[in-house]
Structures are given as structure tokens and as C-alpha cells.
Amino acid sequence: MAEITASMVKELREMTGAGMMECKKALAEANGDMEAAVDVLRTRGLAAVAKKAGRATNEGTVMAIVDDTCTKGAVVEFNCETDFVGMNEKFKGYAEKIARAALENMPVDAEKLPSCSIDGETVEEIITDCIHVMGENCQLARVSELEAKGVSSYIHGGGKIGVLVTFDVEGIDPASEGFQKCGRDVAMQVAAINPVAATRESVPADVAAHEMEIYKAQAAESGKPENIQEKIAMGRMDKFYKENCLAEQDFVKDSDMTVGQYVDSCAKELGGTIKITGFLRFALGE
């Protein structure tokens with residue numbers, strides 16, 4: 001019987017994400033053959049999938065990607081049981097493959113995506129394989145896509161937050177390095193500040209109405225004339241827009257300008273026009 005060394009166990013664990021003892025047993029059963037040991041673990045995983053399905057999946061990763069033309073983007077939240085697996089690069093590789101499947105099969109949702117295929121296998125098969133290899137229950141929590149003249153992505157905290165931002169672009173290649181740097185900076189702003197909307201025009205009507213009612217009530221408490229109360233309420237509403245609309249927020253990398261002004265400066269430098277039109281922000285477990 002072949003000698004099972006600690007380095008062999010470590011290598012198999014890194015390949016599969018399985019536990020140390022499981023790896024040692026699999027190598028012993030496979031007489032030290034690494035590939036055969038992987039098959040042993042996967043076979044055992046097949047029998048364990050049903051048991052794992054009921055386990056809570058409160059950890060995982062968020063994956064945001066764009067296509068080669070940078071005109072389409074997808075973001076997925078892929079959950080697992082532990083942060084240890086959620087931060088594993090192999091697990092993130094599965095999440096990225098699922099996101100690519102979403103891109104290639106637009107439009108989809110979390111209910112339809114598992115039946116979609118990429119590279120000859122369905123997303124459901126990809127998830128099942130992930131369960132076998134990682135040894136934990138893994139579930140697709142949600143997925144969304146965006147399409148525009150320009151799309152940029154950003155992943156924060158190793159997968160804790162994923163962002164897509166869309167732009168109206170004229171005279172600039174959205175796949176160019178200059179545009180993508182600009183887009184990434186804007187996506188980082190979304191991750192950091194979590195705005196309500198891209199522009200004041202895109203703030204949901206019910207949100208704007210609710211805020212305005214609060215500001216009117218606050219102004220009424222002042223006891224000042226109604227025309228002054230209206231100005232006070234409008235002033236506070238304007239402040240709300242500046243603090244919560246992406247294009248009007250102070251740019252986190254340079255507070256002397258707004259995000260919109262930063263984008264305009266990038267557009268001027270690149271010889272075209274760029275306007276922020278929307279964004280998606282997924283936070284793990286949100």
C-alpha cells in the first residue's frame with residue numbers, strides 16, 4: 001500500500017476543499033492515486049448531497065462580471081455554509097462560472113438560471129459539482145443582469161459586495177482601459193456609499209414623496225410662514241438628493257468634486273461623453 005504523506009493530503013484538500021481526514025481516507029482507498037482520490041471524494045459527495053441540502057447557507061460570495069464588449073454585466077450571490085468555503089478561490093470559480101452562464105443566457109432569473117447551460121453543462125450541474133467538491137450545501141440565492149452602452153463592475157471585500165454600473169456612452173469604447181478605470185471608480189463609490197439611485201430623476205416616486213412629507217412636517221414645527229416652510233422643505237429635499245443620488249454625491253476619491261463631475265472629466269479626457277444611468281449592488285446576505 002502506498003504511503004500517504006501530509007503533503008499529499010494537503011494537495012488533495014486544496015484541490016477539492018474537502019476535510020483533512022476525508023482526504024486522507026480517500027487517498028488510502030485510492031492507494032495514493034491523486035485523481036482516483038478526487039473521484040472517491042466526488043462519489044461520496046453524490047451520496048451526501050441530499051443530507052447537505054437542508055443545511056443553512058448564510059455565507060458565500062457575490063460575483064459581478066461584464067462581457068468582453070463591456071456592454072453587458074451579471075451579478076450573482078452564491079451561498080454556502082461557512083466563510084472558510086465562501087472565501088475559497090475554487091468556490092469563487094464556481095460563482096464566476098454561474099455569472100458567465102447568466103451573461104450568456106440573458107435574460108434570466110434565479111428560478112430559470114439553473115436549467116441554463118454553459119460550456120456543455122447546466123448551472124444546476126455546476127452547483128451540484130460544487131457541493132461535491134467543497135463538501136457544503138451551496139445555493140444560488142439571486143441573480144441579475146444589466147445591459148447598456150457601457151457597463152463596469154467591482155467586487156469589494158473579496159466577494160462581500162458586488163456592483164454593476166451602467167452608462168450612456170458616446171464616442172468612447174466602453175472596453176477601453178480609460179473608460180473601465182472610470183467605471184470601476186464609480187462602482188467603488190456605489191459599494192462604499194450605497195446610494196438610493198443613480199440620479200435624482202431615478203429616485204423611486206414613493207421614496208421621494210416619503211422624504212418630502214417628513215421635511216414638510218419638520219418645517220411646520222418651525223412655526224414660520226408657509227412660504228418659508230416650503231423653501232425649508234425644498235432645501236432639505238435638495239440635500240437628500242445630493243447625499244443619496246450617485247451622480248450628485250461627493251466623490252470618495254476627491255471630495256472637491258461630485259461623482260458626476262468626475263465622470264465628465266473622464267469623458268473629456270477620453271474625447272466623448274459618459275453619463276451614469278443605473279447600478280446594481282448586491283451585498284452578501286442582504
Side-chain angles (χ1 to χ4, degrees), residues 12-19 22 26 34-147 151 153 155 158-164 280 282-286:
L12 182 59
R13 187 173 192 272
E14 289 174 349
M15 287 174 65
T16 65
E22 289 178 330
M34 193 65 65
E35 293 302 319
V38 171
D39 288 341
V40 169
L41 288 172
R42 293 188 66 182
T43 300
R44 288 177 180 168
L46 282 169
V49 169
K51 294 179 181 178
K52 293 184 177 76
R55 297 179 187 171
T57 53
N58 300 318
E59 298 293 341
T61 192
V62 176
M63 182 63 62
I65 63 171
V66 298
D67 69 349
D68 291 340
T69 66
C70 298
T71 58
K72 294 180 181 180
V75 57
V76 302
E77 180 179 349
F78 190 41
N79 293 150
C80 59
E81 297 175 42
T82 65
D83 185 57
F84 176 78
V85 168
M87 297 300 288
N88 184 285
E89 290 304 316
K90 185 179 287 290
F91 178 79
K92 290 179 183 179
Y94 284 107
E96 183 175 356
K97 197 168 187 179
I98 294 168
R100 286 200 297 112
L103 271 183
E104 292 190 12
N105 293 277
M106 290 176 65
V108 293
D109 55 28
E111 185 176 341
K112 295 178 182 178
L113 184 56
S115 62
C116 295
S117 297
I118 182 171
D119 299 336
E121 60 183 334
T122 66
V123 169
E124 185 174 10
E125 290 170 338
I126 294 169
I127 294 172
T128 299
D129 189 60
C130 183
I131 294 170
H132 299 161
V133 173
M134 305 310 299
E136 290 192 1
N137 186 20
C138 302
Q139 300 288 334
L140 173 64
R142 50 182 170 155
V143 58
S144 193
E145 320 105 334
L146 289 174
E147 185 172 5
V151 184
S153 65
I155 299 170
K160 299 301 183 184
I161 299 173
V163 175
L164 295 174
L280 280 173
F282 278 17
L284 184 64
E286 193 173 54

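Remark: the backbone N or O of Lys72 is paired with a side-chain donor or acceptor of Asp67 at under 3.5 angstrom. Of the possible polar contacts, one joining the Glu136 side chain to the Glu81 backbone as a donor-acceptor pair under 3.5 Å is found. In this structure, Asn105 contributes its side chain and Ser117 its backbone to a donor-acceptor pair below 3.5 Å. Using a distance-only test at 3.5 Å, with no hydrogens or angles considered, a donor-acceptor pair links the side chain of Asp109 to the main chain of Lys112.
When all heavy atoms of Cys138 and Cys80 are compared, the closest pair comes out as SG-CB, 4.3 Å. When all heavy atoms of Ala99 and Val76 are compared, the pair lying nearest together is CA-CG1, 4.0 Å. Closest of all the heavy-atom pairs between Ile118 and Arg100 is CD1-NH1, 3.3 Å. Ala26 and Val40 get closest at one heavy-atom pair: CB-CG1, 3.9 Å. When all heavy atoms are compared, the tightest approach of Leu140 to Ala110 is CD2-O, 4.1 Å. In this structure, Met34 and Leu12 approach most closely via the heavy-atom pair SD-CB, 3.7 Å.
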- Query: Hey, mind stepping through Leu284 and Thr61 against side chain to side chain contact (heavy atoms under 4.5 Å, CB included) and telling me if it holds?
  - Reply: CA-CA 7 Å; Leu284 184 64; Thr61 192; 5.8 Å; no

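You'll find the side chain of Met63 reaches within 4.5 Å of the side chain of Ile155, heavy atoms only. Side-chain contact between Ser153 and Ile65 is absent, with no heavy-atom pair separated by less than 4.5 Å.
For the pairing with Phe78, the ring-ring contact (aromatic ring centres under 6.0 Å, His included) check across Phe282, Phe91, Tyr94 returns one residue only, Phe91.
Sparse packing is recorded around CD of Glu124, with 12 or fewer heavy atoms of other residues, nucleotides or ligands lying under 6.0 Å away.
For Glu121, the side-chain hydrogen bond (donor to acceptor under 3.5 Å, both in side chains) partners two or more places apart in sequence, or in a different chain, are Lys97. For the side-chain hydrogen bond (donor to acceptor under 3.5 Å, both in side chains) test, residues two or more places apart in sequence or in another chain that qualify with Thr71 are Thr69.
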